[in-house]
Structures are given as C-alpha cells and as structure tokens.
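Below is one structure, written out as structure tokens, with a few remarks after it.
Numbers restart at 1 for each chain; the letters A, B, ... are given by sequence-line order, proteins then strands.
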Amino acid sequence: VPEIKDLVQKQNEELFESEFMPHLDALYNFAYHLTQQEEDANDLVQDTFLKAYRFIESYERGTNAKAWLFKILKNSFINEYRRKTNQPAKTDFEDYVAYQDSEEAAHIGDLDLRDDLFKSMIGDEITRALVSLPVDFRTILLLCDVEGFSYEEIAKIIDIPIGTVRSRLHRARNLMKEKLRDYAQKMGYKENR
Amino acid sequence: MKNTETPRHDCGATLQKVMLILDNELPAEEEKALLDEINHCSCCLEKYQIEKAFKEYLCAKIKRHHCTAALANQIRSSLQTNMDR
C-alpha cells in the first residue's frame, strides 16, 4: 500500500536524521584516521550511511546508534577498502609478543608525558605516531581514547572478546609510548633513569 | 577472634587495574577502594599519574578531522536517490 510505504519511509528518514546524522563528524574522523585520505574517508563514510539506511530495519530505535554505525564503518573498511588498497587484512599479533606484560612493557610504561618536551609536541606529531601504528592498534586507541567507547562497546564493534580489548589496548598504548619516546629522544629528551 | 590484619598492598596487582580506572571500567565502589589504595602508596600514585597524563595527552593531542557540509549534503542526496528508486 503506497500510504504505508510513504509513512515507513518518512519514519526512517526521521530516525536517520535524529539518530544517525549526529554521529557524522565522529565517523568521518574515524574514517580519516583509518584511510589517511580525505577522498577515501568521504567514500567510506558515505558507504557507511547508505548501508545503515539499507539495514535500518535491523537497528532498534533509541539503542546505541554510534556503536552500530562504527561497526558498519569498521567492517566496510576491512572488507572493501583494505582489499582495494591491498593492505594486510589482519595484524599478526604474534609479532608484538614483546609488548606483553614483560619488563620491557613496564619500562615503556614509565614514560612521563608530563615532561615539557612532550607538552610542546603538536597534534601533527602525535597524529604521525598514531598513523605509524598497525591499523588494529590504531583502531582500538581511537575507539577508546578518542571516541570514549567502553570496552564492551569496543568488543562489539571489533568482534573480539573483552579480554582481548584489554590486552590489545595495553599493547597499543605501549607501542604509542615507544613511538613518542623515540621521537622525543631525537628531539633531545632524556629519561630520568 | 576477629581478623584485624589489613590485606598486604600489592603494587603489581594494583597497577594492573590502573587503566580500568582511567577508562571508566570499574564500578564506583571498586574504583573508590582502588584509588584509596593508590593514594596510600607513592609508587602506585606516581605510576597512576603518569598513565593519567598519557591518556589525557592522547585525548587532547590527537588531531580531529571534521567532515564538510558538502559530505553531509552528498549523503542526504544519495539517500534520496536510493529511496526514489
């Protein structure tokens, strides 16, 4: 019946505007950090919103729209964008065993970001360090420290157990500290040890 | 006889939970108890403050990229095209 079809379409449009569009900026920021290209970020975000509309019936009004959209974007990135750009589909975490709860990790954990040299670093330098991380580590830092998602939400977005969220975050932060320390040392920073 | 002995403080165990506080992952009561413990140990307090500074540093320094009004319009317009099909 055309009237019912129009009514459903109108309701969906309202839901789209009220629950999905407010997250556009956050999704774009996430997409940009993943792809590193404005054009690719635009495509990825547009694709995410079109998919969200296509699957709008599976979204429950008033639930966590932001996490739902981030999950769609993350999946699109993995399934399509990475394949297109021939990026590795998965990080081999075994390569990073050195960053598990070892003495080295404890040492990196002592890096004191309150030092004036770190304070003087600008956003571009921090962003460069972030970009140099393997994408799975970059993703988890963005979701937790930039977007403020809970471990449970991150687990759902990335499809990994909460325990893995914790360990991956731990390793991502240690890798980030190491990058920042290397950079700071080049700038003359000396650790007090 | 009532056991009045307080549990021994374990820096390692306490520090493993520091990020849970900073990531808001602990129930309020547990967070308060852990913060009390951290405040009574200078070693844990120092590490806690370092981790806190790191998290705040990342939040503040990672550059945010903003989408353009053109993208928002483009999304609305592609949606309209999709719906009209």
Nearest heavy atoms of [X] and [Y], plus distance in Å:
| X | Y | answer |
| --- | --- | --- |
| B:His65 | A:Asn29 | N-OD1, 2.8 Å |
| A:Cys144 | B:Lys55 | SG-NZ, 3.8 Å |
| A:Asp145 | B:Asp23 | OD1-OD1, 4.2 Å |

Do [X] and [Y] land in one hydrophobic cluster if side-chain heavy atoms of ILVMFWY residues count as linked below 4.5 Å?
| X | Y | answer |
| --- | --- | --- |
| B:Leu45 | B:Leu35 | yes |
| A:Ile78 | A:Val131 | no |
| A:Leu7 | A:Leu15 | no |

Might you confirm whether atom [atom1] of [X] has over 12 heavy atoms from other residues, nucleotides or ligands at distances under 6.0 Å?
| X | atom1 | answer |
| --- | --- | --- |
| A:Glu152 | CD | no |
| A:Lys156 | NZ | no |
| B:Lys17 | NZ | no |

### Message
Run the salt bridge (Lys or Arg N to Asp or Glu O under 4.0 Å) test on B:Arg76 and A:Glu13 for me, step by step, so that the C-alpha distance in whole Å, both residues' side-chain angles and the decisive distance to 0.1 Å come before the verdict.
### Response
CA-CA 10 Å; B:Arg76 288 190 178 100; A:Glu13 273 180 66; over 6 Å; no

### Message
Looking only at heavy atoms and a cut-off of under 4.5 Å, which of A:Val146, A:Leu169, A:Val45 has the most pairs with chain B?
### Response
A:Val146

### Task
Evaluate the salt bridge (Lys or Arg N to Asp or Glu O under 4.0 Å) criterion for residues B:Glu51 and A:Arg173: first the C-alpha distance (whole Å), next the side-chain angles of each, then the deciding distance (0.1 Å), finally the verdict.
CA-CA 10 Å; B:Glu51 290 302 328; A:Arg173 284 172 173 148; over 6 Å; no

If I measure from the heavy atoms of chain B, does [X] come under 4.5 Å with its side chain, its backbone, both, or neither?
| X | result |
| --- | --- |
| A:Leu141 | side chain |
| A:Arg166 | side chain |
| A:Phe30 | neither |

### Task
Against chain A, label B:Gln74 side chain, backbone, both or neither, depending on which of its atoms sit under 4.5 Å from a heavy atom there.
both

### Message
Determine whether B:Phe54 and A:Leu180 satisfy the following criterion, side-chain contact (heavy atoms from CB on, under 4.5 Å), listing intermediate values before the conclusion.
### Response
CA-CA 11 Å; B:Phe54 176 65; A:Leu180 292 176; 4.2 Å; yes

### Polar contact flag, side-chain donor to acceptor under 3.5 angstrom, A:Gln46-B:Ser78
yes

### Query
For A:His33 and B:Ile62, what are the C-alpha separation, side-chain angles and deciding distance, and is it a side-chain contact (heavy atoms from CB on, under 4.5 Å)?
CA-CA 10 Å; A:His33 278 294; B:Ile62 290 176; 3.8 Å; yes

### Task
Might you work through the side-chain contact (heavy atoms from CB on, under 4.5 Å) test for B:Leu79 and A:Phe16, ending with a clear yes or no?
CA-CA 10 Å; B:Leu79 209 66; A:Phe16 194 88; 3.5 Å; yes

### Query
Does some side-chain heavy atom of A:Tyr151 sit less than 4.5 Å from a side-chain heavy atom of B:Leu20?
yes

#### Entry: Contact check, side chains of A:Met176 and B:Leu58, non-hydrogen atoms, under 4.5 Å
yes

### Interatomic spacing from CD in B:Gln80 to OH in A:Tyr53 - rounded to 0.5 Å
8.0 Å

